[in-house]
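Scope of the values below: all heavy atoms of this structure, side chains included, with no hydrogens, waters or symmetry mates. A quick note: this is a predicted structure, and the numbers were derived from the prediction, not measured.
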Number of protein chains: 2
Amino acid sequence: MAEEMEQWLSSLLRLTDEEEKMTEKQIKIIQAAVDIFADKGYASTSTSEIAQRAGVAEGTIFRHYKTKKDLLLSIVAPVMSKLVAPFVLRDLHQVLDTEYEQFEDFLRAMMRNRLEFVVKHAPIVKIMLHEIPFHPELQSQFKEQLFPQVGERLKRIITHFQSRGDLIEMPPFALLRMSVSAIMGYIFTRCYLFPEHDWNDEEEIERVVNFIMHGLAPRKE
Amino acid sequence: MAEEMEQWLSSLLRLTDEEEKMTEKQIKIIQAAVDIFADKGYASTSTSEIAQRAGVAEGTIFRHYKTKKDLLLSIVAPVMSKLVAPFVLRDLHQVLDTEYEQFEDFLRAMMRNRLEFVVKHAPIVKIMLHEIPFHPELQSQFKEQLFPQVGERLKRIITHFQSRGDLIEMPPFALLRMSVSAIMGYIFTRCYLFPEHDWNDEEEIERVVNFIMHGLAPRKE
DNA sequence: CTTTAAAGTGAGTAATCACTCACTAACGAG
DNA sequence: CTCGTTAGTGAGTGATTACTCACTTTAAAG
């Protein structure tokens, strides 16, 4: 448990330096693993296939990663942290509680930012989504570490705008859920359902933001 | 291909009679498979484990299902069809193009109806969501058979209310996407993210419907 | 150059995999 | 009762699995 916590903290802290002190072959291994995991799923990918694709002996994989699951976690855990990093880092300049004058500015920035991230790391995010339900280590990282912090933080932001009269009276969790649904709905459709479609991101972001703003505005009269 | 089509049609037609001419042991096999598939995922479930949980010899599984994948498909395919059946059956009395006077009545009915279905078949829907990306047979059933029909049908419904001036001017696909996002967002949160939470479905449905109606209403002034 | 530790190798291993097959049991039709 | 078909069995099979280990190669420091 202490080891997991340490691992998670370290992966959070090194946000910039990726593939830092990795061997050439180790990078090849990661690339091959990401490719095949995303394509066939973790459980039906064999270490021999990864080694083959990476142009490496099978033993080399186990020199760097104790087990196959270790390889998976070393791929997924950092991205999982980074995916929610903007919500958990207190001193991040981009998204701070009071930085945005209007809720819609906050929404726009957040949606642009996270969409960009998912587009960039699409295969790993796909692996993440598929494997979280089956690996207790990832589940606990999500349910115990990430969600409470992120949820609390977002709830405070929403309550802020709500108390200003910008949002309808409603339990903050429900407001949060509907906002996130609308945003994730687009990101998911855009990146996983129809990645080939010729999307106009700015236009769609505007639509979603307007949808949320009108849908959650205080009811007039 | 013809065989698949036949299989899919037949599974669509027998909407009522489930476990019709199944042996006791065959039912046990299906139940065990659903349990373990939902729990550990298809790929990391062994046929021997299914047999053990079902209290059956391993050979019995292969008497009824040619392969392990055959077992999966016989579980997932029918539910996949039924999940979208209300949208594809032309003569279904519950949800017809012109039956609902208001768009919000349509939304309410649809959301209630599909939520009930997902609650009822939660484990199989979970299996479905996880396995669709990795099995071309399921993918094609979704992308080529189900989605075009359902999408077209829903688009027509939306266009209908749009032309009446009930919905904002916007590409129907975008309207559809945002409506579905909001609805699925709740169903997903309710059934998979926090199934333990004490949900008040009627209240939440009302929230989501209002969210959609206000978010997609024609802009005043 | 020498030393040393880490990186890389690939044959080997026990376990497990999906699946087969020769066989028995059950059971309704004639 | 007899026959034929289907349901059910479980030991057996070859392939594949994640992982090990004794070994070689690489490379940087002294």
Side-chain angles (χ1 to χ4, degrees), chain A residues 3 17-77 127 130-131 134-138, chain B residues 3 17-77 127 130-131 134-138:
Chain A
E3 196 183 17
D17 46 19
E18 198 75 345
E19 304 168 348
E20 201 179 6
K21 280 165 180 174
M22 275 185 172
T23 324
E24 240 179 84
K25 303 221 165 191
Q26 195 171 353
I27 295 173
K28 286 287 221 174
I29 289 171
I30 295 286
Q31 287 172 345
V34 168
D35 279 359
I36 312 181
F37 283 164
D39 191 46
K40 313 180 18 176
Y42 167 77
S44 36
T45 299
S46 67
T47 50
S48 73
E49 193 180 352
I50 296 172
Q52 201 174 345
R53 167 96 56 117
V56 154
E58 205 175 341
T60 309
I61 294 177
F62 293 95
R63 170 104 2 213
H64 296 286
Y65 308 94
K66 279 173 287 187
T67 64
K68 186 185 162 195
K69 180 173 261 182
D70 216 54
L71 174 59
L72 173 73
L73 294 183
S74 82
I75 289 171
V76 170
I127 298 172
H130 278 101
E131 300 305 332
F134 301 127
H135 302 272
E137 310 87 349
L138 295 176
Chain B
E3 195 183 17
D17 46 17
E18 199 76 346
E19 303 170 349
E20 199 180 6
K21 280 166 182 173
M22 275 185 171
T23 322
E24 242 179 82
K25 305 222 165 190
Q26 195 171 354
I27 295 174
K28 286 286 222 174
I29 289 171
I30 295 287
Q31 287 171 344
V34 168
D35 279 359
I36 312 183
F37 283 165
D39 190 47
K40 311 180 20 174
Y42 167 78
S44 37
T45 298
S46 68
T47 50
S48 73
E49 193 181 351
I50 296 172
Q52 201 173 344
R53 168 94 57 115
V56 155
E58 204 174 343
T60 309
I61 295 176
F62 294 95
R63 171 106 0 214
H64 296 286
Y65 307 94
K66 280 174 285 189
T67 63
K68 185 186 162 193
K69 181 174 260 183
D70 215 54
L71 173 60
L72 173 72
L73 294 183
S74 81
I75 289 172
V76 170
I127 298 171
H130 278 99
E131 299 306 330
F134 301 127
H135 302 271
E137 310 88 350
L138 295 177

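Contact annotation: side chain of B:Arg63 to base of D:dT6, donor-acceptor pair absent below 3.5 Å.
With rounding to whole Å, B:Lys25 atom NZ is found 13 Å from C:dT24 atom C1'. Counting to the nearest Å, the C1' atom of C:dT13 and the CD atom of A:Glu58 are 12 Å from each other. For the pair B:Ile61 CD1 and C:dA18 C1', the computed distance is 10 Å after rounding to whole Å. For B:Phe62 and C:dC17, the CZ to P distance is 11 Å, given to the nearest whole Å. We find that NZ of A:Lys66 is positioned 11 Å from P of D:dT20, with the value rounded to whole Å. If you take CD1 of B:Ile50 and C1' of C:dC17, they are 12 Å apart, rounded to a whole angstrom. The separation between A:His64 atom NE2 and D:dC19 atom P is 16 Å, rounded to whole Å. Atom-to-atom, NZ of A:Lys40 to P of D:dT16 comes out at 12 Å; the value is rounded to the nearest Å.
The phosphate of D:dA7 has neither OP1 nor OP2 within less than 4.0 Å of any side-chain N or O from B:Thr60. The side chain of B:Ser48 places an N or O atom within less than 4.0 Å of a non-bridging phosphate oxygen (OP1 or OP2) of C:dC17.
Across C:dA18, D:dT17, D:dT9, the shortest atom-to-atom separation from the side chain of B:Lys68 is found for C:dA18. Side-chain atoms of A:Ala57 lie closest to C:dG10 of the nucleotides D:dA18, C:dC19, C:dG10. Among the nucleotides C:dA7, C:dA18, C:dC19, the one closest to the side chain of B:Ser46 is C:dA18.
A:Lys68 contributes a side-chain N or O that, together with a main-chain N or O of A:Tyr42, makes up a donor-acceptor pair within less than 3.5 Å.
Using a 4.5 Å heavy-atom threshold, the side chains of A:Ile29 and A:Thr23 count as separate. The side-chain heavy atoms of B:Glu131 and B:Val76, taken from C-beta on, include no pair separated by under 4.5 Å.
Note on B:Thr23: only backbone sugar-phosphate atoms sit closer than 4.0 angstrom, heavy atoms only; bases stay farther off. Residue contacts for B:Ser44: at a heavy-atom cut-off of 4.0 Å it reaches no nucleic acid atom on any strand shown.
Among B:Thr60, B:Leu73, B:Leu71, the single residue meeting the side-chain contact (heavy atoms from CB on, under 4.5 Å) criterion with B:Tyr65 is B:Leu71.
The aromatic rings of B:His130 and A:Phe134 lie tilted to each other, with the angle between the two planes from 30° to 60°.
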